[in-house]
Structures are given as C-alpha cells and as structure tokens.
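Structure first, commentary second.
For the single chain, residues carry numbers from 1 onward in sequence order.
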Amino acid sequence: MGGFMCLVCISQANVGIIEKWGRFLKLAEPGLHFVIPCFGESVAGTLSTRLQYLDVRVETKTKDNVFVQLFCSIQYRVVKQDADDAFYELQNPQEQIQAYVFDVVRANVPKMNLDELFEQKGDVAKVVLEELEKAMGSYGYNIQQILVVDIVPDPSVRKAMNEINAAQRLQLASVFRGEADKILQVKRAEADAEAKYLAGVGVARQRQAITDGLRENVLEFSHKVPGTSSKDVMDLVMMTQYFDTLKDVGASSKNTTVFIPHGPGHVKDVSEQIRNGLMQASTVSQDLL
C-alpha cells in the first residue's frame, strides 16, 4: 500500500493545491495529507496565507505641472477559500497589483495641486484601495491596507519650497522683532519722561525747601537782632554758603587745582547771583506746584 500512497505535509499558514490528472481537485489545509500518485493525484504547489506587503514607487505629475514620486505600501493576503483562483488565475500577482496602483494614481494625482496632494494623500490611498479590492478580489486576493508613505517632489521644487518657507518665517520673525523693538522704545521713552518729570519735581521741591528754610532763618534772625534788614541777613547767609562751598571744593579728593576769583567785591557779586537764582527757583517751583 505504501507504493500506492504518498504522505504530504502542508506547513502552517499555507494552503496546498491538489491536482488529479492535471486538473484542480481540492485545497489542502495545513497538516498531513495522503496523495495517491497512481490515481493521478499530486501537489501542484502551495500558497502562503500570511500578510504580505509590496512597495510601489509611482512617478507622476500634479495639476500645477510638478513631477512627484509617490511611495505606496500595499498590504495584501491570499483568501484561503479562494486560493485556487489565486494560484491559477494570476501568474505574477505583484506585477498585477503594481499595474493597478500605477493606473489609479496617475488618473487621480493630476487632478490635484502639489499642496492638495500633501493634504489629501489619505484620499489618494483610499481610492487606490477601493479599485484594488474590486480588481484583485476576483483573483482570490484581499487588499488589507494601502499607505502613501512618502511624496517626493523634484529636487528643484523641494529647494524652492524650502526657500519659500524660510522666507516666510524670516518675514514673520522680522515683524515680531519690529513689534518688540517698538514696544521697547515706547517703554524706554515713557520711563525717560517719567524720570525727567520726577527729577524736575524733586529739584523744585528741593529749591522750595531751601527757599522756605532761608525765609524762616531771615525772619528769625531779624526778630532776634534788632536793626538788621532782610538784605543784611541774606548777605550773611550767602557768605556762609560761599565759604562752605570753598571748603567742600578743597576737601574733595577728585579736584587738584581750582582758580576762583576771591575778594570782598567778588563775595558781594556771588551773593547777588545766588540771591537772584533762589528767587527765580522759588518762582519756578510755585508754577510747578
């Protein structure tokens, strides 16, 4: 009996094609099978039912006349119950799938601009999937998924797109930098104006305080020393301040030699100048306050 039968083992995730006298007989599931060669039975071949993939590169042109290359990844498998169709109907299923992908992509991409193609590549993959399912289903193949994994324009177009993108970003950066500089200048001007205003108020208050203090000193001295006039008191105060100034100039470590006209006549002139300055400062401070 062993001379009339043969044992055939079909591996897991495969399906065997059994023929009798050269005609399809049945499908063989994974496992051990008996084949009777003397009755014309034989194993014509096996097909894998694993998920397979095929990478396809399609070169085409967009609506705005840009040549691009689309890289598509197709995932497919043999339908187990239709394995006989897959075995007998197609001699090279990968070339058939590739031809359908070429046809569908080149029929749809020229309807889109380059930017639209990048935005709608999922729609392109969906159209290709629908067409392949209808075409390859009758041959015993199931198309699981199609991915448009990359879109590569012509190198010159890529360079131009990068330059446009860089120019737009530089323009946007210039706008933000200009706005920042404008804000800094405005704030700096506001701070400078505020500082000058506060400095003016401080100087006015200082001079007002000096004027008030001199006024009180003059009045108090006039009451305590009979026969003295306000002018005499002011001259005395001015001379005191004049000598205090000379003392400060001489005590300063940053000064070397200072030539100052000195004498009784000059003291009188200095007194008149200081008095006039204090009177003007008092008038200005009153106007500010």
Side-chain angles (χ1 to χ4, degrees), residues 1-61 67-111 117 120-152:
M1 186 163 181
F4 295 98
M5 288 188 177
C6 292
L7 296 178
V8 177
C9 182
I10 305 299
S11 302
Q12 183 67 31
N14 285 272
V15 60
I17 307 298
I18 307 297
E19 292 181 345
K20 185 174 183 179
W21 304 117
R23 183 178 180 180
F24 173 71
L25 177 64
K26 64 178 180 178
L27 297 175
E29 297 285 339
L32 186 64
H33 296 271
F34 291 99
V35 178
I36 307 175
C38 61
F39 288 166
E41 295 181 358
S42 64
V43 179
T46 59
L47 287 176
S48 174
T49 57
R50 294 185 180 92
L51 184 66
Q52 303 178 63
Y53 74 93
L54 174 66
D55 291 331
V56 180
R57 180 177 64 87
V58 185
E59 185 173 1
T60 184
K61 186 176 70 171
F67 284 93
V68 295
Q69 293 183 0
L70 274 73
F71 291 86
C72 304
S73 179
I74 297 94
Q75 298 177 356
Y76 66 98
R77 70 183 349 146
V78 174
V79 180
K80 186 179 295 186
Q81 58 270 23
D82 298 329
D84 54 329
D85 293 332
F87 186 81
Y88 290 106
E89 296 294 336
L90 287 179
Q91 184 176 3
N92 194 329
Q94 293 187 346
E95 287 187 1
Q96 189 71 21
I97 293 174
Q98 184 173 340
Y100 277 112
V101 173
F102 282 176
D103 182 65
V104 176
V105 169
R106 288 173 176 171
N108 287 271
V109 171
K111 300 177 184 178
L117 178 59
Q120 303 175 17
K121 68 176 185 177
D123 296 338
V124 175
K126 183 178 179 181
V127 173
V128 176
L129 177 62
E130 292 175 353
E131 293 296 327
L132 274 181
E133 284 181 338
K134 291 188 294 184
M136 300 301 295
S138 59
Y139 297 120
Y141 285 90
N142 180 28
I143 308 300
Q144 297 285 324
Q145 191 175 14
I146 295 179
L147 300 174
V148 179
V149 295
D150 198 6
I151 300 174
V152 181

Report the residues that fulfil side-chain contact (heavy atoms from CB on, under 4.5 Å) with Val58, sequence neighbours left out, ordered by chain and then residue number.
-> Val56, Val101, Phe102, Val105, Arg106
Where do Cys72 and Val148 come nearest, in terms of heavy atoms and distance?
-> SG-CG2, 4.2 Å
Any pair with a residue in residues 138-147 that passes side chain to side chain donor-acceptor pair (under 3.5 Å), sequence neighbours left out, goes on the list, sorted by first then second residue, please.
-> none
Val152 versus Phe71, closest heavy-atom pair with distance | CG2-CE1, 3.7 Å
Excluding sequence neighbours, so at least two apart, what forms salt bridge (Lys or Arg N to Asp or Glu O under 4.0 Å) with Lys26?
-> none
Excluding sequence neighbours, so at least two apart, what forms side-chain contact (heavy atoms from CB on, under 4.5 Å) with Ala107?
-> none
Out of curiosity, Leu132 CG to Ile74 CD1, how far, rounded to the nearest 0.5 Å?
-> 7.0 Å
Look at the side chain of Thr49 and the backbone N and O of Val78, then say whether any donor-acceptor pair between them is shorter than 3.5 Å.
-> no
Can you run down the side chain to side chain donor-acceptor pair (under 3.5 Å) pairs that involve residues 5-15, sequence neighbours left out, and say none if there aren't any?
-> none
Are the side chains of Val68 and Thr60 in touch, meaning some heavy atoms are under 4.5 Å apart?
-> yes
With sequence neighbours excluded, what pairs up with Glu41 under the salt bridge (Lys or Arg N to Asp or Glu O under 4.0 Å) test?
-> none
Check side-chain contact (heavy atoms from CB on, under 4.5 Å) between Asp123 and all other residues, then give those that pass, not counting sequence neighbours.
-> Gln120
Residue pairs fulfilling salt bridge (charged side-chain N to carboxylate O under 4.0 Å, His left out) with at least one residue in residues 125-142, sequence neighbours excluded | Glu131-Lys134
If a pair satisfies side chain to side chain donor-acceptor pair (under 3.5 Å) and one of its residues is in residues 82-104, list it, with sequence neighbours excluded.
-> Glu19-Tyr88, Tyr76-Gln94, Asn92-Glu95
Which value, rounded to the nearest 0.5 Å, describes the distance between Gln52 atom CD and Gln75 atom CD?
-> 11.5 Å
Closest heavy-atom pair and its distance - Ala86, Leu47 = CB-CD1, 3.9 Å
Could you tell me which non-hydrogen atom of Cys6 sits nearest to which non-hydrogen atom of Pro37, and how far apart they are?
-> SG-CG, 3.4 Å
For atom CZ of Phe24, decide whether the heavy atoms of other residues, nucleotides or ligands shown that lie under 6.0 angstrom number more than 12.
-> yes
Does a sphere of radius 6.0 Å around CZ in Phe67 hold more than 12 heavy atoms from other residues, nucleotides or ligands, not counting ones at 6.0 Å or beyond?
-> no
Does any non-hydrogen side-chain atom of Ile18 lie less than 4.5 Å from one of Leu27?
-> no
Roughly how far, to the nearest 0.5 Å, is the CG atom of Asp150 from the CG atom of Leu70?
-> 8.5 Å
